[in-house]
Participant: 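Got a structure for you, written out below as structure tokens; questions coming shortly.
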Amino acid sequence: MLRCYFRRILLQSSSRDQGTRKDLLTGFPSALLGGHRSASSLPDVRERTLIAVKPDGVQRRLVGQIIQRFEQRGFKLVGLKMLQASEDLLSQHYSELRAKPFYPRLLKYMSSGPVVVMVWEGHKVVQTSRVMVGHTNPAEASAGTVRGDFSFHVSRNVVHASDSLEGAQREIQLWFKGKELLNWDSCDQNNTFAV
Ligand code: IDP
Ligand code: MG
């Protein structure tokens with residue numbers, strides 16, 4: 001019921017003003033959030049995260065298998081593109097790691113070829129996708145995770161996943177324009193969650 005109400009408002013709002021900026025993290029118009037942006041007040045089935053297949057993953061033709069894992073888990077793809085990331089974009093993306101000794105090598109690796117960036121949506125998608133991706137160092141990543149199944153060294157760990165709600169919001173805004181993300185209704189939603 002509540003979900004239908006929110007959906008109706010969302011549809012009315014998008015048809016009334018296509019130019020209104022939707023909240024990139026939740027898919028909800030910013031105005032609907034009423035200034036309450038704490039994680040607990042967000043409609044959590046619309047939580048969003050940024051996943052990227054890094055240049056090694058693209059070169060090794062792993063894009064399809066990585067997408068498949070998120071699809072089969074039940075998450076919803078709301079944004080997807082392939083690009084050659086600029087140094088400027090990567091330095092913003094990895095700004096917290098600037099002081100690390102591996103930072104120059106990391107930027108060289110990430111700009112060595114195209115990446116495929118995606119935004120996935122769903123209940124606790126940030127936390128769940130970190131588990132699906134596995135430990136930063138593939139040598140410590142569990143089998144069954146992307147890194148645990150497809151890589152063995154930290155310098156080539158195939159995939160990126162946002163590590164927090166705040167990180168996801170920042171990264172989605174960095175990599176995507178609002179109009180590149182689509183709000184769409186999935187026909188299986190009654191079979192993947194209930195509120
Ligand atoms: P995360 O990708 O699991 O969130 P972060 O600590 O945020 O891990 O590091 C970002 C990326 O930097 C890693 O995914 C990996 O590509 C690279 N990286 C992290 N630690 C090392 C290291 O010790 N040597 C080389 N590259 C590293
Ligand atoms: Mg990280």
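Counting starts at 1 for both ligands and their atoms, in listed order. All heavy atoms count here, side chains included; hydrogens, waters and symmetry mates do not.
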Participant: With a cut-off of under 6.0 Å to the ring centre and 45° to the axis, is Lys54 in cation-pi contact with Tyr109?
Facilitator: no
Participant: Number the atoms of ligand 1 from 1 as they appear, then name those within less than 4.0 Å of a heavy atom of Arg130, with their elements.
Facilitator: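 By the 4.0 Å cutoff, the relevant atoms are 1 (P), 3 (O), 4 (O).
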Participant: May I ask you to identify, for Leu106, whether its side chain, its backbone, both or neither come under 4.0 Å of ligand 1 on a heavy-atom basis?
Facilitator: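 Under 4.0 Å from ligand 1, Leu106 contributes side-chain atoms alone.
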Participant: Any idea how His160 and Tyr94 line up, ring-wise: parallel (<30°), tilted (30 to 60°), or perpendicular (>60°)?
Facilitator: perpendicular
Participant: Measure the shortest side-chain to side-chain distance between Trp120 and Val78 over non-hydrogen atoms and say whether it is less than 4.5 angstrom.
Facilitator: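 No; the side chains remain at least 4.5 Å from each other.
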Participant: Measure the distance from atom 13 (C) of ligand 1 to every protein heavy atom, then report the residue, atom name and distance (to 0.1 Å) of the closest one.
Facilitator: Asn157 ND2, 3.5 Å
Participant: Between Glu180 and Lys81, is the closest basic N to carboxylate O distance under 4.0 Å?
Facilitator: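 Yes, Lys81 and Glu180 are salt-bridged.
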Participant: Which residue supplies the protein heavy atom nearest to atom 24 (N) of ligand 1, what is that atom called, and how far is it?
Facilitator: Val154 CG1, 3.5 Å
Participant: Please list, in number order, the atoms of ligand 1 under 4.0 Å from a heavy atom of Tyr94.
Facilitator: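 In order of number, 10 (C).
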Participant: Applying a 4.0 Å heavy-atom criterion (strictly less than), which segment of Met110 is in contact with ligand 1: side chain, backbone, both, or neither?
Facilitator: neither
Participant: Answer yes or no: is there an ion pair linking Arg69 with Asp149, defined by an N-O contact shorter than 4.0 Å?
Facilitator: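 Judged by the 4.0 Å cut-off on N to carboxylate O distance, Arg69 and Asp149 do form a salt bridge.
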Participant: Any side-chain to backbone donor/acceptor pair from Asp56 onto Val158? Under 3.5 Å, distance only.
Facilitator: yes
Participant: Write out the residue and atom name of the closest protein heavy atom to atom 2 (O) of ligand 1, then the distance separating them to 0.1 Å.
Facilitator: Arg147 NH2, 3.0 Å
Participant: Would you mind checking which non-hydrogen protein atom is closest to atom 10 (C) of ligand 1, with the distance to 0.1 Å?
Facilitator: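 Looking at atom 10 (C) of ligand 1, the protein heavy atom closest to it is Leu97 CD1, 3.4 Å.
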Participant: Quick one, Leu50 and Met118 - any side-chain contact, counting heavy atoms below 4.5 Å?
Facilitator: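 No - every pair of side-chain heavy atoms lies 4.5 Å or more apart.
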Participant: Return the residue, atom name and 0.1 Å-rounded distance of the protein heavy atom closest to atom 23 (O) of ligand 1.
Facilitator: Phe102 CD2, 3.7 Å
Participant: Within the 4.0 Å heavy-atom shell around Lys54, which atoms of ligand 1 are there?
Facilitator: 13 (C), 14 (O), 15 (C), 16 (O)
Participant: Is it the side chain, the backbone, both or neither of Thr136 that has a heavy atom closer than 4.0 Å to ligand 1?
Facilitator: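 Both backbone and side chain.
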Participant: What part of Lys100 sits under 4.0 Å from ligand 1 if we count only heavy atoms: the side chain, the backbone, both or neither?
Facilitator: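 Near ligand 1, Lys100 shows nothing, with every heavy atom at 4.0 Å or more.
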Participant: If only side-chain N and O atoms count, and only distance matters, is there a donor-acceptor pair under 3.5 Å linking Asp188 with Ser186?
Facilitator: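 Indeed, the side chains of Ser186 and Asp188 share at least one donor-acceptor pair under 3.5 Å.
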